[in-house]
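Below: one structure, written as structure tokens.
Whatever order the structure lists them in is the order used to number ligands and atoms, beginning at 1. Side-chain atoms are counted along with the backbone in the values below, which use heavy atoms only and exclude waters and symmetry mates.
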Amino acid sequence: MNIEKSGFSTKLIHAGEIDDQFGSATVPIYQTSTFSFSSAEEGAKCFSGDSDGYIYTRIGNPTIDALERQLAILENGFGAIAVSSGMAAATTIYLSLLSSGDHIVSTDAIYGPARSVMEKQFVRFGFEATYINTTDIETIKAAIRPNTKVLYIETPANPTMDITDLVACAKIAHEKGILLVVDNTFCSPYLQNPLDMGADIVFHSMTKFINGHADVVAGVIIAKEEAMYRQLRNMMINMGCNMDPHQAYLVLRGVKTLSIRIDRAQESAQKVAEFLENHPNVAWVKYPGLKSHHQYELAKRQMKGSGSMISFGLKDGFHGAKALMNNLHLAILAVSLGGVETLIQHPASMTHSKVSAADKQKAGITDELIRLSVGIEDVVDIINDLKQGLESI
Ligand code: LCS
């Protein structure tokens with residue numbers, strides 16, 4: 001069977017398989033730091049690249065390899081690099097692609113630490129960064145300078161749910177000879193495949209939808225071309241931000257149900273978004289599946305579904321947001337997203353608190369904004385919980 005030609009859900013179940021000596025149905029956890037060589041000569045061959053035998057788990061491990069092969073197939077890339085977290089994916093990309101004096105153009109409303117690590121720490125290495133509203137193509141063109149090396153997009157953006165046109169970005173990036181990097185965490189490979197739309201590198205926090213059970217922190221980078229894959233892989237190995245075999249096993253288990261989890265969560269998210277939009281205490285709702293989303297048509301074009309992330313604002317601002325969050329019984333008040341449980345959080349004071357007040361305002365991360373990650377509980381229970389929470393304001 002050619003797994004690459006099979007359907008997405010079949011790939012979820014079978015693309016991570018390996019042949020082991022006992023025929024186990026799931027991938028065993030090779031919980032070892034190192035691997036023995038059959039001879040001194042074989043050891044030397046492994047190090048010189050003349051043999052693809054395993055050496056040391058930071059460099060490669062059968063359990064981690066199985067997950068990497070699966071992710072490369074799911075995102076239609078040359079190869080995948082599993083890393084210890086989504087932030088390890090972002091920093092491995094920054095450090096692989098940028099040298100002192102290079103410039104990066106990025107979506108302003110991205111996951112807070114992916115921005116603050118650049119602005120507060122990597123500036124010391126001479127990297128320059130410009131954060132802009134990437135929903136406007138002319139703004140992107142104007143931000144690109146002669147020393148720009150990377151266009152870095154997060155779409156839908158965390159937490160504004162603004163959508164950036166991936167095909168248009170790929171066109172600009174390639175005209176200018178720069179690389180397009182896409183954080184695809186909010187969609188997962190089930191809903192959006194940036195490499196197919198012209199991106200060079202895609203990455204995920206697998207802590208979210210890919211693992212889906214709120215019990216692992218993990219990341220992955222997928223490169224379209226071999227040379228880029230090798231460059232990123234070498235950086236991961238030398239920085240030591242590799243995944244652990246047990247972590248890989250848990251993600252291999254979680255990813256099998258990605259499509260059915262997302263189908264269920266996004267069906268509920270549509271109903272939750274419609275409920276919120278019609279509630280008198282709610283000022284606005286941003287969800288790609290609502291016609292009121294100003295980029296509804298673009299979302300339909302580049303995403304295979306609307307996902308299960310919703311942003312909304314309350315008429316009573318931050319005061320109302322706090323009252324709602326303190327009065328929910330089913331939704332868990334916690335950061336993170338993309339798990340089977342419904343989560344709610346307040347980005348301005350939580351995930352994006354390290355972004356300056358002025359930059360938050362400019363990026364649309366306002367005080368009244370609440371972010372909801374809709375889980376797979378019964379939708380009537382999710383809506384009833386929100387209803388009683390909203391009535392308590
Ligand atoms: N990219 C996106 C879009 C994210 O939402 C996150 C984490 C990361 C990268 C980093 O991944 P990590 O290192 O945590 O695996 N987002 C979080 C959030 O919104 N709440 O808590 C974590």
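Looking at Glu154 against ligand 1, only its side chain comes within 4.0 Å, counting heavy atoms.
For the pair Met206 and ligand 1, no heavy-atom separation below 4.0 Å is found. Residue Ser336 places a heavy atom less than 4.0 Å from ligand 1. Residue contact annotation: Lys208 has a non-hydrogen atom under 4.0 Å from ligand 1.
Close approach of ligand 1 to Asn158 is summarised as follows: ligand atoms under 4.0 Å from at least one heavy atom of the residue are 4 (C), 5 (O), 19 (O). The Val335 neighbourhood of ligand 1 comprises atoms 20 (N), 21 (O), with distances under 4.0 Å to a heavy atom of that residue. Close approach to Asp183 involves these atoms of ligand 1, each under 4.0 Å from a residue heavy atom: 1 (N), 2 (C), 3 (C), 9 (C). Close contacts between ligand 1 and Arg371 involve ligand atoms 18 (C), 19 (O), 20 (N) [criterion: under 4.0 Å to a heavy atom]. Counting the atoms of ligand 1 from 1 in the order shown, those under 4.0 Å from a heavy atom of Gly86 are 10 (C), 11 (O), 12 (P), 13 (O), 15 (O).
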CA sep, side-chain torsions, deciding dist, call: Val167, Arg301, side-chain contact (heavy atoms from CB on, under 4.5 Å): CA-CA 10 Å; Val167 171; Arg301 217 162 51 235; over 6 Å; no

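The side-chain hydrogen bond (donor to acceptor under 3.5 Å, both in side chains) search around Ser48 returns Asp50, not counting sequence neighbours.
Backbone and side-chain nitrogen or oxygen atoms of Gln345 are examined, and none is located within less than 3.5 angstrom of a nitrogen or oxygen of ligand 1. Residue Leu337 has no N or O atom closer than 3.5 Å to an N or O atom of ligand 1. Considering backbone and side-chain N/O atoms, Met87 comes within less than 3.5 Å of an N/O atom of ligand 1. Not one N or O of Thr351 is nearer than 3.5 Å to an N or O of ligand 1, by distance alone.
Shown here is Glu225, whose CD atom has no more than 12 heavy atoms of other residues, nucleotides or ligands within 6.0 Å.
Residues Thr148 and Lys176 bring no donor and acceptor atom of their side chains to less than 3.5 Å of each other.
Among protein heavy atoms, the minimum distance from atom 15 (O) of ligand 1 is reached at Thr207 OG1, 2.6 Å. At the top of the distance list for atom 17 (C) of ligand 1, counting protein heavy atoms only, stands Tyr111 CE1, 3.2 Å.
Note that the CG atom of Leu369 and the NZ atom of Lys286 stand 8.0 Å from one another [nearest 0.5 Å]. Remark: Ile365 CD1 to Asp359 CG distance equals 9.0 Å, nearest 0.5 Å. Atom CD of residue Gln247 and atom CD1 of residue Ile29 lie 12.0 Å apart, to the nearest 0.5 angstrom.
Under the 6.0 Å cut-off for aromatic ring centres, Phe318 and His346 qualify, their centroids lying closer than that. Ring centroid separation for the pair Phe209 and Tyr190 does not come in under the 6.0 Å cut-off.
Grouping Ile, Leu, Val, Met, Phe, Trp and Tyr residues whose side-chain heavy atoms lie under 4.5 Å apart, directly or via other members, places Leu298 in a hydrophobic cluster with Ile163, Met303.
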